[in-house]
K.L.:
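Got a structure here, written out as structure tokens. Questions coming.
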2 protein chains.
Amino acid sequence: MRALMELRKKILSGDYPGGTRLFEVSLAETLQISRTPVREVMSRLAEEGLLDRLANGGFVVRSFTYADAVDAIELRGVLEGTAARLAAERGVSQAGLDQLREILARLEDCFGEAADDVELEAYSEANAKFHVVLVELSGSTVIQREVERATRLPFASPSAFLSGRAHVAAFRQSLHIAQEQHRTLVSAIAGREGARAEFIAREHARIARKNLEYAVFEDPELMLTVPGLVLLNS
Amino acid sequence: MRALMELRKKILSGDYPGGTRLFEVSLAETLQISRTPVREVMSRLAEEGLLDRLANGGFVVRSFTYADAVDAIELRGVLEGTAARLAAERGVSQAGLDQLREILARLEDCFGEAADDVELEAYSEANAKFHVVLVELSGSTVIQREVERATRLPFASPSAFLSGRAHVAAFRQSLHIAQEQHRTLVSAIAGREGARAEFIAREHARIARKNLEYAVFEDPELMLTVPGLVLLNS
DNA sequence: CCTCTGCCCGTTGTATACATGTGGCTTGGC
DNA sequence: GCCAAGCCACATGTATACAACGGGCAGAGG
């Protein structure tokens with residue numbers, strides 16, 4: 001559905017700041033479609049968490065504070081932590097573990113000799129895959145569903161800060177820490193250590209929080225390049 | 001919206017078993033409305049988690065296994081645990097703490113002299129309120145939103161098993177345990193003990209899991225009286 | 001007999017006209 | 001001058017007709 005992607009893109013690129021009320025008629029002419037699919041699109045974006053429904057009908061662009069972004073990242077950490085714990089406690093198949101280890105190896109290959117030598121595009125892709133497979137290994141469609149939901153807010157996604165920061169050497173070096181957490185996470189799951197797996201996953205999400213903090217307070221220009229950060233208001 | 005409540009009720013009462021595909025036209029004549037509001041209603045029920053969207057359009061009634069129900073309860077525990085932890089870590093106002101303690105006292109008043117003497121209706125109402133306020137005290141609208149979402153599945157709600165089991169004395173006695181957890185939870189939050197608060201909340205949700213287990217394996221007749229349990233298939 | 005292709009029917013997607021409701025503004029009365 | 005009530009305009013809710021898409025079945029050809 002073209003209109004869905006188009007409106008989503010417009011919201012994520014800041015065309016409609018948080019709190020903006022979206023009217024069916026004006027959106028209909030903007031998107032060159034009739035009101036019916038506009039309603040459909042807004043309904044789906046509300047499901048995604050980008051829009052809020054008003055009490056007496058209508059939609060507004062959801063507005064996020066810095067604290068909301070912090071909490072959304074915390075939420076992702078908690079949910080991924082739960083997935084990791086369930087995977088460890090309930091056990092995973094050899095095939096599943098192999099799959100995770102294969103991705104781990106791919107991530108490993110992204111690092112070069114120098115501490116700040118990282119192939120970011122390949123890393124980003126493998127990292128996204130790692131997080132998806134990790135959650136699948138929980139064996140719970142209920143948890144998987146909610147992780148995917150929490151991840152749909154772009155600034156809460158595991159890949160959120162992996163773009164647009166390639167120039168910061170300190171950031172590239174910090175990926176070594178993240179990768180160590182990936183390794184440890186796999187070890188914890190393989191060893192059926194639920195609590196360990198859970199808290200490593202939580203701590204892993206804290207990297208995103210730290211990056212968010214940096215973007216907001218140290219280098220506000222980044223807020224324009226990291227996907228979704230334009231949604232932050234106050 | 002009458003149609004929304006009507007369809008929700010029909011699904012929750014098992015008129016459309018999990019996996020049933022809902023067609024716009026037939027539903028439209030059943031509910032005596034046109035296709036447009038039917039689409040709207042189905043969209044909202046998909047948001048609630050009662051329906052699943054099909055890839056090429058259309059909706060089916062979401063189907064839950066016993067394992068899904070267990071995981072949904074686990075999810076609620078994890079989210080309420082996070083709310084409790086945040087409340088403890090970040091601190092709550094005196095007014096907030098007072099409010100929680102007032103509800104705690106109301107719950108206390110529901111217990112009589114005998115171990116199985118409990119005013120169930122009053123308890124159920126105060127219990128629901130307790131869980132709502134607890135989550136509010138987290139101070140996080142993001143977390144609150146997700147707890148409310150997780151709670152919308154009727155069998156995962158904190159009040160799910162408080163109806164239709166009044167006749168089981170052992171069940172009424174088990175409420176003493178729940179109430180002790182309520183007390184301890186408040187103590188942990190007041191004392192800024194985040195980890196303690198989190199795990200008490202998780203353990204608290206386990207009571208629901210135990211009740212689910214009982215209903216499914218020991219007393220299947222209960223599945224007809226506990227709201228939402230008819231949604232369970234295999 | 002098996003397979004591939006094309007048609008047909010059922011379902012959802014879209015447009016549009018009409019109904020309904022709500023909030024704001026204006027006017028009249030106290 | 002202020003408050004209240006009613007009206008008007010703009011927004012969403014609903015109905016319905018038409019379009020487009022997809023899956024299944026049947027018929028024909030290899």
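Proteins get letters first, then strands, A, B, ... in listed order; numbering begins at 1 in each.
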K.L.:
Any side-chain hydrogen bond (donor to acceptor under 3.5 Å, both in side chains) pairs touching residues 150-159 of chain B, not counting sequence neighbours?
P.N.:
none
K.L.:
Measure from the side-chain N and O atoms of Arg8(B) to the backbone N and O of Val41(B), and report whether any donor-acceptor pair falls under 3.5 Å.
P.N.:
no
K.L.:
Contacts to DNA chain C from residues 43-61 of chain A, heavy-atom cutoff under 4.0 Å, which residues?
P.N.:
Asn56(A)
K.L.:
Where along residues 18-28 of chain B does a heavy atom come under 4.0 Å from DNA chain D, residue by residue in number order?
P.N.:
none
K.L.:
Run the side chain to side chain donor-acceptor pair (under 3.5 Å) test against Gln99(A) and tell me which residues pass, sequence neighbours left out.
P.N.:
none
K.L.:
By side chain to side chain donor-acceptor pair (under 3.5 Å), which residues pair with Arg101(B), not counting sequence neighbours?
P.N.:
none
K.L.:
List for me each residue that meets salt bridge (Lys or Arg N to Asp or Glu O under 4.0 Å) alongside Arg76(B), sequence neighbours excluded, and say none if there are none.
P.N.:
Glu80(B)
K.L.:
Name all residues meeting the salt bridge (Lys or Arg N to Asp or Glu O under 4.0 Å) criterion together with Glu146(B); count only those two or more places apart in sequence or in a different chain, and write none if there are none.
P.N.:
Arg149(A)
K.L.:
So, using side chain to side chain donor-acceptor pair (under 3.5 Å) as the criterion, who are the partners of Ser138(B) when residues are at least two apart?
P.N.:
none
K.L.:
According to the salt bridge (Lys or Arg N to Asp or Glu O under 4.0 Å) rule, which pairs have a member within residues 123-140 of chain A, sequence neighbours left out?
P.N.:
none
K.L.:
With sequence neighbours left out, what residues match Phe130(B) under ring-ring contact (aromatic ring centres under 6.0 Å, His included)?
P.N.:
His182(B)
K.L.:
Would you work out how much the helix from dC1(C)-dG30(D) to dC30(C)-dG1(D) bends between its ends, with each end axis defined by five base pairs, to 10 degrees?
P.N.:
10°
K.L.:
Among residues 29-41 of chain B, which residues get a heavy atom nearer than 4.0 Å to DNA chain C?
P.N.:
Arg35(B), Arg39(B)
